[in-house]
Amino acid sequence: MSQANTAGRVHTVCLVACTSRKGDHPAPAEFIYKSPLFSAGRSYAESRSDQWFILSAKHGLLSPNDVIEPYNESLMRLSDSQRRTWAERVRKNFNARVPPGGRVIFLAGSAYRSYLAPLFESDGRETAAPMSALGIGSQVAWLQKVASEAARLAHMDRFYALLARVTASNAGVCRKLAEQSQASVRHERGIYFFFEEGEMRMTSPFQSRVVRIGTHAVSEGSKATLWTRLRTHRGGGNGLGNHRGSIFRLHVGESLIRRGELEPIFTTWGQGQSASAEVRSGEEEIELAVSQHIGEMSVSWLEVADAASADSDRAFLERNFIALLAGHTGPLDLPSANWLGRWSGREAVSHSGLWNVNHVYESFDPLALDVLEHYVEVAEGRRARPEKPLAPSGWRLRIKTRDSASGQIELL
């Protein structure tokens with residue numbers, strides 16, 4: 001299992017549902033089920049968990065190497081009472097094979113989870129069902145994509161492991177933006193990462209996924225600081241803000257308007273780089289809602305104390321990690337069904353699962369992970385601050401971008 005956990009090693013078990021398509025002869029359970037969904041689920045379970053089992057309508061809990069004969073039984077044909085009995089049998093067998101506590105990932109439909117998940121949770125085990133919002137075809141496609149992009153997933157795991165160290169270097173706290181102040185955001189320059197309640201990584205479903213990456217002062221002579229940028233996103237103490245000064249606020253507000261079908265009311269949102277007092281007054285309701293929504297997000301940041309420049313290490317890190325999470329083929333960690341960004345009119349937002357538009361379709365340079373780790377070690381007191389940029393000279397000239405319509409990749 002390649003994922004890193006922020007609170008130490010946690011035993012994770014994956015449960016893969018049986019399928020109706022089976023071989024004709026007795027075989028180990030991991031080979032008797034023949035559907036593409038089961039094969040893809042097995043690949044996920046083997047790579048993303050410490051231990052895995054099969055949920056069988058007939059046998060209950062099966063180890064992958066348990067030899068069984070073909071059968072024709074389905075949980076869908078059982079009554080509620082029979083499903084409860086089945087779940088209790090699975091729970092008893094599971095507890096005999098798996099240490100107490102830990103985490104359980106279900107790659108199984110609601111018929112398997114509905115009674116079993118609450119039993120596990122009552123035993124003190126965390127549960128997750130990362131594919132619960134996907135149809136069967138989408139589940140197969142996503143699982144196959146995860147398997148085919150193993151190298152990218154390894155980069156993502158390293159990125160999130162480094163983010164855990166970023167949080168630890170900030171006294172182990174990743175607080176809501178509404179709770180931050182100039183005193184808490186004490187670094188002048190840095191790169192920041194936002195998280196939203198309920199948005200978890202599908203590839204590591206007990207880990208929060210990043211929903212926005214940003215920085216500041218990426219033009220020569222800029223005086224913007226980390227705190228002034230975060231304060232602009234948050235809004236003022238009265239709850240009001242200026243979406244014309246924060247593209248983050250712009251996108252969140254647009255999504256709130258589209259979700260509420262309020263376009264006929266808020267016709268001026270996003271219009272122009274400035275607005276009259278009368279126009280701003282008419283937008284206050286949405287500005288307040290945006291401040292509330294963004295203020296509830298948690299934020300973590302890393303000090304990167306380099307000069308204001310488009311070639312800065314901060315710009316290098318921001319561009320590359322947006323590109324890594326968004327991906328040329330789309331995100332591996334899909335947003336939840338209720339994520340507000342799904343109502344965005346910006347294809348880059350709804351496609352990527354990020355509140356970012358710039359750099360979503362660009363290429364990723366794995367060297368960015370080494371640069372990030374270097375700055376993490378500076379924050380941890382294990383290295384001195386670099387005296388010159390760590391990003392490779394001329395890196396902006398080598399960025400590739402993908403056209404969102406044609407899929408063609410070109411140099412910027």
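Basis for what follows: all heavy atoms, side chains included, without hydrogens, waters or symmetry-related copies.
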Has the side chain of [X] got a donor or acceptor atom that lies under 3.5 Å from a matching backbone atom of [Y]?
X      : Y      : value
Arg314 : Ala307 : yes
Asp313 : Leu390 : yes
Ser47  : Ser43  : yes
His328 : Glu362 : yes
Glu287 : His243 : yes
Asp123 : Pro100 : no

Over all heavy atoms of both residues, which pair between Arg209 and Asp333 is shortest? Give the atoms and the distance, please.
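Scanning both residues completely, I find the closest heavy atoms to be CD-O, 4.0 Å.
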
Please round to the nearest 0.5 Å and tell me the distance separating atom [atom1] of [X] and atom [atom2] of [Y].
X      : Y      : atom1 : atom2 : value
Asn338 : Glu199 : CG    : CD    : 8.5 Å
Leu107 : Leu15  : CG    : CG    : 8.5 Å
Phe38  : Ile32  : CZ    : CD1   : 10.0 Å
Ser79  : Arg84  : OG    : CZ    : 8.5 Å
Leu324 : Met156 : CG    : CE    : 6.0 Å
Glu88  : Tyr115 : CD    : OH    : 12.0 Å

Is it the case that atom CD in Glu263 sees more than 12 heavy atoms from other parts of the structure closer than 6.0 Å?
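Yes.
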
Under 6.0 Å from the CG atom of Asn72, do we count more than 12 heavy atoms belonging to anything else shown?
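It does not: Asn72 CG has 12 such atoms or fewer within range.
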
Does one side chain, of [X] or [Y], offer a donor that lies under 3.5 Å from an acceptor on the other?
X      : Y      : result
Ser291 : Arg249 : yes
Glu254 : His251 : no
Gln207 : Arg201 : yes
Ser169 : Glu380 : no
Thr228 : Thr225 : yes
Asn95  : Arg125 : yes
Arg97  : Ser63  : yes

Is it true that Arg385 and Asp306 make a salt bridge, defined as a side-chain N closer than 4.0 Å to a carboxylate O?
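Salt bridge: no.
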
So does Arg382 pair up with Glu373, basic N to acidic O under 4.0 Å?
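Answer for the salt bridge query: no.
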
Sequence neighbours excluded, which residues qualify as ring-ring contact (aromatic ring centres under 6.0 Å, His included) partners of Trp343?
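Residues passing ring-ring contact (aromatic ring centres under 6.0 Å, His included) with Trp343: none at all.
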
Return the set of residues passing side chain to side chain contact (heavy atoms under 4.5 Å, CB included) with Ala326 (not counting sequence neighbours), or none when no residue passes.
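Checked Ala326 against side chain to side chain contact (heavy atoms under 4.5 Å, CB included); matches are Ser352, Leu354, Val360.
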
Report the relative orientation of the aromatic rings in [X] and [Y]; use parallel for angles under 30°, tilted for 30 to 60°, perpendicular for over 60°.
X      : Y      : result
His233 : Phe248 : perpendicular
Tyr112 : Trp86  : perpendicular
Phe120 : Phe94  : tilted

List in chain and number order the residues that pass side chain to side chain donor-acceptor pair (under 3.5 Å) with Trp339, two or more places apart in sequence or in another chain; answer none if no residue qualifies.
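Applying side chain to side chain donor-acceptor pair (under 3.5 Å) to Trp339 gives Glu196.
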
Option from Tyr160, Phe194, Phe321 for which side-chain contact (heavy atoms from CB on, under 4.5 Å) with Val210 holds:
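When Tyr160, Phe194, Phe321 are each tested with Val210, the side-chain contact (heavy atoms from CB on, under 4.5 Å) holds only for Tyr160.
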
Determine whether the aromatic ring centres of His59 and Tyr71 lie less than 6.0 Å apart.
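Centroid separation for His59 and Tyr71: below 6.0 Å.
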
